[in-house]
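Here's the structure, in structure tokens; my notes come after.
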Amino acid sequence: MEKTIDEGIQGSVLSTERKVQNQRNLYIESYGCQMNFSDSEIVASILAEEGFNTTQNLEDADLVLVNTCSIREKAELTVRKRLEKFNAIKKDRPHLKVGVLGCMAERLKHQFLEEEKIVDMVVGPDAYKDLPNLIQEIDEGRNAVNVILSKDETYGDVAPVRLNSNGVTAFVSITRGCDNMCTFCVVPFTRGRERSRDPQSIINEVNDLWNKGFREVTLLGQNVDSYLWYGGGLKKDFGKASEMEQAMAVNFSQLLEKVALAQPKMRIRFSTSNPQDMTLDVIHTMAKYENICNYIHLPVQSGSNRILKAMNRLHTREEYFALIDNIRNIIPDCAISQDMIAGFPTENEEDHQDTLTLMEYVKYDYGFMFAYSERPGTLAERKLEDTVPPEIKKRRLTEIIDLQRQHSLERIKANLGKTQEVLIEGVSKKSDAHWMGRTSQNTVAVFPKEDYKVGDFVMVEMQECTSATLLGKAVGYSHNN
Ligand code: SAM
């Protein structure tokens with residue numbers, strides 16, 4: 001609950017359906033945000049055409065790929081340990097090749113390939129279509145690298161493989177890169193500038209998922225509300241597009257509507273929203289279509305205007321409150337979650353109190369909270385000293401987490417006695433006799449199986465709860481079924 005990066009899936013190995021004609025085995029581990037997991041599905045799809053089946057057994061692997069995350073120092077340290085392990089295995093199995101994908105690629109390519117010599121291949125997040133050439137290079141005994149960031153790559157034409165999935169919920173990438181330049185964040189440097197994917201290819205993917213039995217999609221991007229399709233190219237070049245291209249452009253609210261209409265029974269979620277880009281149109285579109293879930297992940301990072309400015313978050317505390325008020329007025333039962341950073345450079349006790357009072361105002365349903373981690377190359381690293389001592393960061397983070405726990409419990413308790421629609425995703429982790437699913441508000445609900453099955457929309461009466469899970473009893477199918 002406290003981490004935006006789901007610790008339970010860190011390092012999980014992607015497994016896909018085997019093609020009999022494929023002779024080699026790919027072992028691919030993923031770290032970091034959902035975007036990385038989604039990218040690994042694209043990589044597996046590209047390599048399935050190149051003779052690779054995926055395996056979950058390291059012993060069977062001919063190629064090991066690690067899809068990496070740079071967002072905090074801890075994430076990089078975890079990946080490093082894994083690379084050292086894979087490199088050690090190579091001593092006994094010289095034919096094994098190891099590659100680094102994703103966000104650590106650009107910054108650490110020389111170190112990995114030339115100084116430490118712990119990998120054979122380094123591939124940045126926009127270069128996956130070059131994998132067939134890069135693999136040929138390493139097969140011929142040369143190191144291979146491509147970390148070029150693209151202006152238009154969105155992988156809109158690659159159908160990701162969806163295995164290891166529950167067959168019910170899927171992520172659909174709609175934008176890549178980020179233009180926000182938050183001073184703490186490496187994303188614009190590791191994943192490049194923002195570009196949007198062709199809406200028709202998004203709709204085709206959603207239709208295909210529906211036909212395969214999926215019942216919920218999450219539209220994915222670093223800043224989905226900034227989505228803008230005008231025929232391709234970087235968001236920042238929109239002003240250079242022709243009048244016709246500008247007039248025909250599709251923004252996020254319009255995309256949401258198109259997806260909601262394309263599959264009226266498919267549940268639709270999206271993540272992540274940046275407050276500065278979330279418009280009233282989006283909230284109205286959410287309210288208009290029942291199949292768009294009532295849940296918004298709305299990172300704020302700090303409650304202090306001074307710190308928001310230093311972070312280059314382009315809104316104030318007051319503007320954030322106005323947005324929250326609008327959401328609550330237009331969609332009264334909307335769940336809202338946050339990302340928060342404790343101990344950003346120069347943060348003092350007053351700033352920290354502002355964060356706590358902002359949380360009191362909003363009373364978030366969930367929270368994903370972090371201690372500030374200085375990242376090389378970011379504006380904060382270049383311009384601001386990491387002034388807050390680790391023990392103070394830790395104490396402030398604990399206070400934020402404790403307050404969020406209280407709010408999560410308060411918010412979840414408000415569901416008791418209500419009957420809500422739940423989409424069944426699978427068996428409960430704690431009991432084989434129970435199903436696990438989510439409400440529209442993204443709250444996990446668990447209830448006795450009876451005759452229902454995975455993928456069913458079921459009405460569940462909520463009877464008890466913990467701070468993160470509702471426990472209930474099914475009272476029948478939802479009209480969506
Ligand atoms: N694009 C989203 C946004 O603008 O809020 C999410 C970006 S990031 C992948 C997810 C979260 O990691 C951020 O919202 C932030 O709370 C946290 N994060 C990013 N950089 C960080 C840093 N240098 N130190 C600590 N937390 C960080």
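Quick note: residue numbers are just sequence positions, from 1.
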Short N-O contact, [X] and [Y], less than 4.0 angstrom:
| X | Y | result |
| --- | --- | --- |
| Asp351 | Arg396 | no |
| Asp120 | Lys90 | yes |
| Arg269 | Glu216 | yes |
| Asp386 | Lys393 | yes |
| Glu399 | Arg395 | yes |

Just checking, any donor-acceptor pair under 3.5 angstrom between side chains of [X] and [Y]?
| X | Y | answer |
| --- | --- | --- |
| Thr218 | Ser271 | no |
| Asn36 | Arg191 | yes |
| Asp277 | Asn274 | no |
| Ser226 | Glu194 | yes |

For residues 369-382, the side-chain hydrogen bond (donor to acceptor under 3.5 Å, both in side chains) pairs (sequence neighbours left out) are Glu76-Arg375

Around Ile148, counting heavy atoms of other residues, nucleotides and ligands shown, do more than 12 lie under 6.0 Å from its CD1?
-> no

For this session: Assess the pair Tyr366 and Tyr295: is the distance between their ring centroids shorter than 6.0 Å?
Result: yes

Contacts satisfying salt bridge (Lys or Arg N to Asp or Glu O under 4.0 Å) that involve residues 78-88 (not counting sequence neighbours) are Glu29-Arg82, Arg80-Glu116

Exercise. Would you call the rings of Tyr364 and Tyr320 parallel, tilted or perpendicular if under 30° counts as parallel and over 60° as perpendicular?
Worked result: tilted

